[in-house]
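Shown next, in structure tokens, is the structure this report addresses.
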Amino acid sequence: MSRYTLLTTLFMPLVMTPVMLAGTSTAALAAGDTPLAQQLEDLNNFQVIAHRGASGHAPESTLPAYELAHPWGVDYLELDAQLSADGEVVLFHDSTIERTSDGEGHINDYTLAELKALDTGTWFHEAHPEIDEADYSGTPILTLNELFDHFGHTTRYYIETKSPDLNPGLEEALVERLEAYDMIEQGRVLVQSFDQESLRKVHALNPNVPLIQLLWYSPSEQNSGSLTEWNNTTPGADTLRDEDFRRIAEYAAGIGTNASHQGTPVIDAAFIRQAQENGLPVHVYTINEPEEMERLIALGVNGLFTDYPDRLLERVNE
């Protein structure tokens with residue numbers, strides 16, 4: 001039995017357990033509601049977000065990683081969208097391909113056919129030598145169409161427009177596919193980005209797409225005692241006012257943020273409460289340690305990104 005088969009078997013019972021905090025099921029829609037309205041309502045509950053799939057157990061952003069996470073009952077499959085040289089939307093995090101493939105150079109310089117020839121699985125064995133190389137060797141890069149074809153409307157997708165400056169036309173290509181697969185009106189997708197302009201582009205293309213503004217807080221270089229947001233989307237997390245949150249709420253359905261920087265917390269319960277009071281659920285990335293999961297759940301966050309959704313599900317289903 002491969003490690004992939006074993007993990008799927010071990011955690012299959014989680015699917016049979018009602019996830020009261022989850023939001024993937026639309027069976028309980030109230031009369032007059034739509035799937036999209038239900039999705040937005042679900043954001044006020046706790047969301048389990050499988051960061052690049054179950055990427056602690058399988059190569060990130062590949063079909064095996066998503067196939068592991070899906071039956072566990074996660075709320076969202078998270079992914080990074082970029083464009084190949086011939087305009088296909090592919091799932092890949094880095095702007096260059098060396099870290100997680102046997103190629104080199106920028107992903108945007110490769111056609112889809114060239115990307116499909118790469119091995120995006122063997123690196124995971126090298127990083128995790130305890131795993132049998134045969135489990136993932138030769139795993140190909142995945143396209144957004146392939147992911148949608150595989151899972152359809154059986155889950156929700158949390159898609160980042162990655163490096164928009166390096167991917168001109170990404171927003172148009174993404175919205176085109178979301179509409180073709182009826183992901184928007186069926187409440188199946190969130191689009192996230194650190195780039196405010198990218199989110200506004202998506203909104204202009206289809207104002208019904210729910211958007212998540214990503215934020216990253218760290219100590220200010222000028223004053224280590226204060227915090228700064230790396231894109232200046234907001235003031236520092238320690239000085240945010242209601243109007244700062246309300247400006248984001250004009251176009252976004254929530255925010256995604258880091259919880260700490262080099263071990264020092266950058267958000268607290270007051271930040272979370274203030275965001276929520278201004279209409280913004282708070283999702284925190286990327287949390288893998290059980291103790292930190294429990295701490296953030298206790299603070300009242302609305303969801304966590306994690307490479308180990310099995311660990312998180314164990315805690316929210318207790």
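Quick note: residue numbers are just sequence positions, from 1.
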Original post:
Would a distance-only check, ignoring hydrogens and angles, find a side-chain to backbone donor-acceptor pair under 3.5 Å from N231 to T233?
Top reply: no
Subject >> Distance, nearest 0.5 Å, that separates CG of L227 from CG of D238 >> reply: 4.0 Å
Original post:
Going by heavy atoms in the side chains, are D244 and P235 under 4.5 Å from each other?
Top reply: yes
Subject >> Chi angles and distances behind the salt bridge (Lys or Arg N to Asp or Glu O under 4.0 Å) call for R99, E60 >> reply: CA-CA 11 Å; R99 182 177 65 86; E60 64 183 60; 2.8 Å; yes
Original post:
Can you name the nearest heavy-atom pair linking L115 to S84, along with the distance?
Top reply: CD1-CB, 3.8 Å
**OP:** Consider only side-chain heavy atoms of I, L, V, M, F, W and Y, link residues closer than 4.5 Å, and tell whether F92 and Y136 are in one cluster.
**Re:** no
**OP:** Can you see which heavy atom on A58 is nearest to which on L68, and at what distance?
**Re:** CB-CD1, 3.9 Å
**OP:** Verify whether the ring centers belonging to F151 and Y157 lie closer than 6.0 Å.
**Re:** no
**OP:** Using atom types as modelled and distance alone, determine if a side-chain donor or acceptor of D119 lies under 3.5 Å from a backbone N or O of D102.
**Re:** no
**OP:** Would you check if the side chain of E229 reaches a backbone N or O of W216 as a donor-acceptor pair within less than 3.5 Å?
**Re:** yes
Original post:
Could you state the interatomic distance from OH (Y285) to CG (N258), rounded to the nearest 0.5 Å?
Top reply: 4.5 Å
Subject >> Student check: side-chain heavy atoms of F46 and V301 closer than 4.5 Å >> reply: yes
**OP:** Please answer: with hydrophobic residues joined when any side-chain heavy atoms are less than 4.5 Å apart, are V284 and V316 in the same cluster?
**Re:** yes
Original post:
Can you find a pair of side-chain heavy atoms, one from T100 and one from P59, that are under 4.5 Å apart?
Top reply: no
Original post:
Step by step, would you call D307 with R52 a salt bridge (Lys or Arg N to Asp or Glu O under 4.0 Å)?
Top reply: CA-CA 7 Å; D307 300 335; R52 306 177 207 166; 6.0 Å; no
**OP:** Check step by step if side chain to side chain contact (heavy atoms under 4.5 Å, CB included) holds for V266 and F271.
**Re:** CA-CA 9 Å; V266 295; F271 172 96; over 6 Å; no
Original post:
Are any side-chain N or O atoms of D86 and backbone N or O atoms of L112, one a donor and one an acceptor, separated by less than 3.5 Å?
Top reply: yes
Subject >> Under 3.5 Å donor-acceptor, H153 side chain and Y181 backbone >> reply: yes
Original post:
In this structure, which one of L304, L312, T306 forms a side-chain contact (heavy atoms from CB on, under 4.5 Å) with N288?
Top reply: T306
Original post:
Are I267 and L215 connected in the hydrophobic side-chain network, where two residues link if heavy atoms are under 4.5 Å apart?
Top reply: yes
**OP:** Go through the steps for L313 and V74 under the test side chain to side chain contact (heavy atoms under 4.5 Å, CB included), then give the verdict.
**Re:** CA-CA 8 Å; L313 282 163; V74 300; 4.1 Å; yes
Original post:
To the nearest 0.5 Å, what is the distance between CG (N145) and CZ (F148)?
Top reply: 8.0 Å
Subject >> Salt bridge E88-R177, side-chain N to carboxylate O under 4.0 Å >> reply: yes
**OP:** Please examine the side chains of Q213 and T234, heavy atoms only from C-beta on, and report whether any two atoms are closer than 4.5 Å.
**Re:** no
Original post:
Hey, would you say the Y66 and H70 ring centroids sit under 6.0 Å apart?
Top reply: no
Subject >> Test item: side-chain donor near acceptor, E185 and T34, under 3.5 Å >> reply: no
**OP:** Measure the spacing between NE2 of H106 and CD1 of I97 and express it to the nearest 0.5 Å.
**Re:** 10.5 Å
Original post:
Are the side chain of T122 and the backbone N or O of S137 linked by a donor-acceptor pair below 3.5 Å?
Top reply: no
Original post:
Any sub-3.5 Å donor-acceptor pair from E78's side-chain atoms to G53's backbone N or O?
Top reply: no
Original post:
Say you draw a straight line from CD1 of I159 to CD1 of I212; how long is it, rounded to the nearest 0.5 Å?
Top reply: 12.5 Å
Subject >> Residues, nucleotides or ligands: over 12 heavy atoms within 6.0 Å of E104 CD >> reply: no
Original post:
What are the two closest heavy atoms between A54 and W72, and how far apart are they?
Top reply: CB-CZ3, 3.9 Å
**OP:** Apply side chain to side chain donor-acceptor pair (under 3.5 Å) to Q274 and D242, showing your working.
**Re:** CA-CA 7 Å; Q274 188 178 13; D242 286 344; 3.0 Å; yes
Subject >> Heavy-atom closest pair, residues L142 and K116 >> reply: CA-NZ, 4.3 Å
Subject >> Under 3.5 Å donor-acceptor, D75 side chain and V48 backbone >> reply: yes
**OP:** Measure from the ring center of W230 to the ring center of H261 and say whether it is less than 6.0 Å.
**Re:** no
Subject >> hydrophobic_cluster_shared for L280 and I297, side chain cutoff 4.5 Å >> reply: yes
Original post:
How long is the span from the CG atom in L178 to the CG atom in L144, to the nearest 0.5 Å?
Top reply: 6.5 Å
**OP:** Could you give me the CA-CA distance, side-chain angles and deciding distance for N108 and N167, then say whether side chain to side chain donor-acceptor pair (under 3.5 Å) is met?
**Re:** CA-CA 7 Å; N108 319 100; N167 289 277; 2.7 Å; yes
Subject >> Within-4.5 Å side-chain heavy-atom neighbours: N44 and P281 >> reply: yes
Original post:
What pair of heavy atoms forms the shortest contact from G236 to Y217, and how long is it?
Top reply: C-CE2, 3.9 Å
Subject >> E292 vs R295, salt bridge (Lys or Arg N to Asp or Glu O under 4.0 Å): CA-CA, chis, key distance, verdict >> reply: CA-CA 5 Å; E292 184 68 350; R295 184 183 77 85; 2.8 Å; yes
Subject >> Contact summary for Q39 and P210, nearest pair of heavy atoms >> reply: OE1-CG, 3.7 Å
Original post:
Among the clusters formed by ILVMFWY side chains lying less than 4.5 Å apart, do L91 and Y110 turn up in the same one?
Top reply: no
**OP:** Just do the side chain to side chain contact (heavy atoms under 4.5 Å, CB included) check on V189 and I184 with the steps written out, would you?
**Re:** CA-CA 6 Å; V189 67; I184 303 165; 4.2 Å; yes
**OP:** Start with the C-alpha gap between E171 and H203, add the side-chain angles, then the distance that decides, and say whether side chain to side chain contact (heavy atoms under 4.5 Å, CB included) holds.
**Re:** CA-CA 10 Å; E171 294 85 1; H203 182 76; over 6 Å; no
Original post:
Hey, are the side chains of V175 and V202 touching, using non-hydrogen atoms and a 4.5 Å cut-off?
Top reply: yes
Subject >> Of L190, T161, L199, the residue whose pairing with L211 passes side-chain contact (heavy atoms from CB on, under 4.5 Å) >> reply: L199
Original post:
Do L43 and H283 have side chains that get closer than 4.5 Å, going by heavy atoms?
Top reply: yes
Original post:
Are I107 and I141 close enough that some pair of their side-chain heavy atoms sits under 4.5 Å apart?
Top reply: yes
